[in-house]
Structure formats: C-alpha cells, structure tokens
Amino acid sequence: RKEYYGDSNVLWEHDPQVAHVDAQMKAIMEAAVVESYTDLLSPNLKGIPVLARVGAEDRAVPPWQQRRMMRHLEEHSVSVVWDELPGKEHWWWDTHKSSDGGCVNDEFLRDFFRASLQNQTESSAEASFSKKSAATKPSYPGAQAMVPAPPSEFEMVIINPASSGSRGGLRVLQLQRPYTQARIVGSVESSGNGDIRVLQTRNVQRLALEPVTGASNPHASLPGGMRVDSTYFSANEVDELYVEWTSAGLHLCLDQVFPKSWKRCSPHDTVAKVNGLGSERGPASYGPARQVSENKFLVVAGSQTGRGSETCQASISHLLAGSVYLANLHRSGMDTNIQVLLDSEAQAGDWASQNLILVGLPTENAVLLQYDQRGLLPIRFGPRNQEGQKPAVPAGAFAIGSCIFQGPGLGLVFTFPMQEGFSFNSSQAGGKIGLVVAGTDDQGLRDALALGAPTIPPMVRAPYTNLQPDYMVTGPDYAWKGIGGVLAAGYWGNNWEFLDSAAFTQEPCSLANQ
C-alpha cells in the first residue's frame, strides 16, 4: 500500500488538518484508492504465476512488506516463487556478474518470464519465506503458449468495475453498493449432466461472461452448465451469454424481486430505478474522479457573464487560468498534452469520443448548462422548484440530496454521466463520464482546484487521482482546515443518486422515500 510507507503520503499522520477530520470523512477518501490495495486483491492471483523478489537490504520498500504480501498469497493458495537476495538494496544492476540484467532482467527473471508466457506452472515453487540462491532456483520446462485456465476453485475480489477486468471469463459490471467489496467464489460440482460451475456472489448486481483474448471459452469444459447463487443456467444458455456479450451486451443481472436470483439482461434493461438520473453506472461510467482522465479527455473553461448576476461567481480569467493549471498538472504528472477550450468555442463534436473536465458553474460554463438542461447532473443547481422529495433550490445555490449549499467561499468537484442509459462498455461511442470543477467565487474555485494538487511532490500524480471520491464540497474554512473544511463528500449510487451510506455530510442529506 503506497499510502502507508516512508514519506509517500503523511497526510493522515503529521498534517495539522487531521485534527479537524471526521473519521467518516477519512474513510470516504480512503475508499477512493482501496481498489489499488494489492493485499486486498490477492485472491485474484490464484492460478497465475507469481514471483516475489526483493533485496534483503531494501530501505525504500522494506522486505517486511513483501513477506507480508507472501503471507496473504499463501492464505489464498497462490503458488509463488520467492526470491530475497542478500546484500541487495532497492535496485541493482548486477545480480551474479557484471551487467547480467540486475533486479528486473537477469537470468532468473528471464527464465520466469519465459515460463509464465508459456503457461508453465512449477509444482515445487510454493510460497516460502526462505531465501533462494541461483543454485536452488526452479527450472521451467517448455509448454504451449496460452492464457492460463482458471482454477476449479477460486475467489474473485472486485472494488470498482471501472478499473477491473475479467477473471476466468467472468466480469463484474455493476455492484449493488458502489465502492464496497464484491466477491465471487467459484467451484465445480458434479451433476447428472456433467460438471457444473457454481458461483456464489456478494454485492454483485450485473455480471458478464466475457471472452478472454488468447484463451478458449473457459465455460465450455463444463457440460452441466452454471449455477449462480440460486439460479441455474444450462450449458446452451451459458454459451449464448458468452457469445452475445460482445455482439449484443447480453449478460446476467440480479432479479430485484427474488433474493439471490439472476436473469438474462440486455444493456437496455434497468436493474433498479431509484430517485436518480436516466443514466445507470457501469464499467465505463463508474468513478471516482480519476476515472475521467483514464481515457482521452478535454478541458472546457467557462466564459459566460451576465447570467445569474445576482449570485456569487468566479471571474472568467480565473476559470481559464484554472483550466490551464489542470492541463499543466496533467502534463507534469502524466506527460500528456491536453486541449483547453473556452465554452464559447467548444462544439459537441470536440468531445464526441472524449470525456470532459468542465470548469465553472452552469451559469458560467455553457457546456455544463447543456448537461444540466438534459437532466444529467446529479447535483441540482438553482433556481429550481421542488421536485417530489427533492427540495427547492434558490438562485446561486446547489443541492446534494436534501442539503442546500449556498454562499461565498464554496468549492465543488463532482463527476457526472455524459450519456443516458447503461454505460457498460468503453468502446461505446461518445464520452462516458465528466468532471466539474467550480466555486461560488474565486476563493471557492481556488479551493476546488487545490483538491487536485499533487500530494506527493517528488512523484507528481495527475490532479484528482488520489483520495478523491465522486464529489466533494469545500467550505470557507478549507484554506486553513484542509480536509477538515470539507462540507460534503461521497459516492453516487448506480443511478447517480445521493447515497447516505456512501457519504460524509455535516448535516443529514438523505431524501425521504429514496
């Protein structure tokens, strides 16, 4: 876990702002990076060749961390080749002789890479905490190259469908509770019709049988079909789901009437319609904020004046300067060249295949106003009349759930869907997810931009990629309280609705009967 060693991120240890941070707020922020915790995801490695290698004198990443990970892998029956080299530190060029490839490309590594690419497993290479020398290294006989088949018994752990692929031909498309662990435990049972694949799910709402490049159909070897929780699918039905996922998006979704029952669904089928938007989150539109810049994107600065003159607004020069600042941060962190446009120059064709970062409120940014008018913003901007359980929003204010935010010095960062419907595939036409960075005035805009500042200056990250959830609202005290000055933060539900269970707010914001 990069956030917990050395001086990578001392935010939660030494920073004075910690004295103002609620524990729930800390949990919301950590949930934005937990999908990268390799120890949590270690069950996914069963059946995959693993080499654990570290210098015994490493003072940057202590060997203890490697040994700890080895213990987790051993718990999940992952076969690991363990190699801790005495006398070596964090990096070395020479393992046994001069310029032999060193820590990442010596003979030992080349043997392992060759064997792994040939789908070779080494029965004697079990997880071990002993040090291996060159004389005791395992040998790797040749084998036909192909993707390893999934083991008959496995466990699959998913935190975020947006950053996770398939495992053994299974891909989680949607969670019941976003940003909460989802697990699938797989096994094989005998039946009168032959072996059957049995899947037990937790917190999974949509599931696809996805073809794996370089591998045959992993479900074809089970003539008895598949049972997902309490629902049985014949071998023919499984084959149809496997074939038509790519061509038509056919997949499995959780039946909302019968507990733990599954049915076949298309991308047009709504699984659970709640008090949200006409868009449903999937792998192409789940957040958090950093997912916006995981694909090609465009920055659009607001340039509108005269609209809402009775409200607080950021100056146009600061909106453009903030947009250029974000583009420059991406250049520094990721070596990217990002186009920045004014909203008066931007045309819909400019983002036909790109995500968007929009700087400014709807009263300042005409492109954001278009999405607001289409009903695609999970935050309601005033003036707005009451809509069912949703409260009226006065001019110059905005609402998250039932909470109204109004006044000077407020910063706002939030994700929004760029399309209606279920965004299940990143190859679908058009942008999928956008990010808004705005403030009720120049101070609020500066605070919203500060949320994207790199937390590790020596290893600069792109803005809004670390500890940034789906949305955050900063208050007037943010400049001196830091994260303790955040008024609200959290994650949207599957219909982009406010989720009280996935939010930190200083006042209750849940909508009755949601």
Side-chain angles (χ1 to χ4, degrees), residues 275-279 287 289 292 300-316 318-319 322-323 343-344 346 356-418 420 433-445 447-449 451 469-476 486-490 492-493 495-499 503 505 507 509-511 514:
N275 193 12
L277 306 181
S279 182
V292 175
V300 179
S303 64
Q304 305 302 303
T305 58
R307 251 193 237 112
S309 57
E310 74 284 359
T311 67
C312 297
Q313 286 187 299
S315 63
I316 293 176
H318 284 191
L319 295 175
S323 300
D343 58 347
S344 57
L356 283 174
I357 295 180
L358 303 178
V359 180
L361 298 167
T363 53
E364 302 163 332
N365 194 310
V367 176
L368 182 60
L369 180 63
Q370 294 175 30
Y371 283 97
D372 191 22
Q373 293 170 340
R374 290 171 57 188
L376 286 177
L377 299 187
I379 290 181
R380 300 171 65 240
F381 290 91
R384 191 74 61 89
N385 295 326
Q386 181 175 345
E387 302 168 14
Q389 298 296 328
K390 298 177 181 180
V393 184
F398 57 90
I400 298 177
S402 63
C403 286
I404 306 295
F405 298 89
Q406 186 174 20
L410 301 183
L412 175 61
V413 176
F414 70 94
T415 58
F416 68 94
M418 294 177 61
E420 291 86 357
I433 182 172
L435 183 73
V436 174
V437 180
T440 55
D441 54 21
D442 288 342
Q443 176 191 332
L445 177 63
D447 290 343
L449 291 167
L451 287 173
D470 279 340
Y471 63 89
M472 293 184 79
V473 180
T474 61
V486 171
L487 305 180
W492 308 121
N495 289 103
W496 295 90
E497 77 278 15
F498 171 79
L499 283 181
T505 55
E507 300 292 338
C509 296
S510 61
L511 294 168
Q514 182 169 290

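Quick note: numbers below take in every heavy atom, side chains included, and nothing from hydrogens, waters or symmetry partners.
A distance of 8.0 Å separates CG of L445 from NE2 of H318, quoted to the nearest 0.5 Å. L358 contributes atom CG, which lies 5.5 Å from atom CG of L368 (distance to the nearest 0.5 angstrom).
In terms of heavy-atom proximity, E364 sits nearest to D343 at O-OD2, 3.4 Å. The two residues P476 and L410 have their closest heavy-atom pair at CD-CD2, 4.0 Å. In terms of heavy-atom proximity, S303 sits nearest to S344 at OG-OG, 3.7 Å. Between W492 and D470, the closest heavy-atom pair is N-OD2, 3.0 Å. Considering all non-hydrogen atoms of both residues, A395 and Q406 come closest at O-NE2, 3.5 Å. What you find for V437 and A448 is that their closest heavy atoms are CG1-CB, 3.9 Å.
Remark: side-chain polar atoms of Q386 are paired, donor with acceptor, to backbone N or O of G388 under 3.5 angstrom. A donor-acceptor pair under 3.5 Å is formed between the side chain of D441 and the backbone N or O of G409. Distance alone, capped at 3.5 Å, is enough to place a donor-acceptor pair between the R380 side chain and the P391 backbone.
When side chains are defined from C-beta on, R384 counts as touching D372, because their heavy atoms get closer than 4.5 Å. Contact annotation: the side chain of V436 approaches that of F416 to within less than 4.5 Å [non-hydrogen atoms, C-beta and beyond]. Contact check for L499 versus E497: side-chain heavy atoms found under the 4.5 Å cut-off.
Atom CD of E507 has 12 or fewer heavy atoms from other residues, nucleotides or ligands within 6.0 Å.
Using bins of under 30°, 30° to 60° and over 60° for the plane-to-plane angle, the ring pair F414/F381 lands in the tilted bin.
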Can you list the steps and then say if N365 with Q304 is a side-chain hydrogen bond (donor to acceptor under 3.5 Å, both in side chains)?
CA-CA 6 Å; N365 194 310; Q304 305 302 303; over 6 Å; no

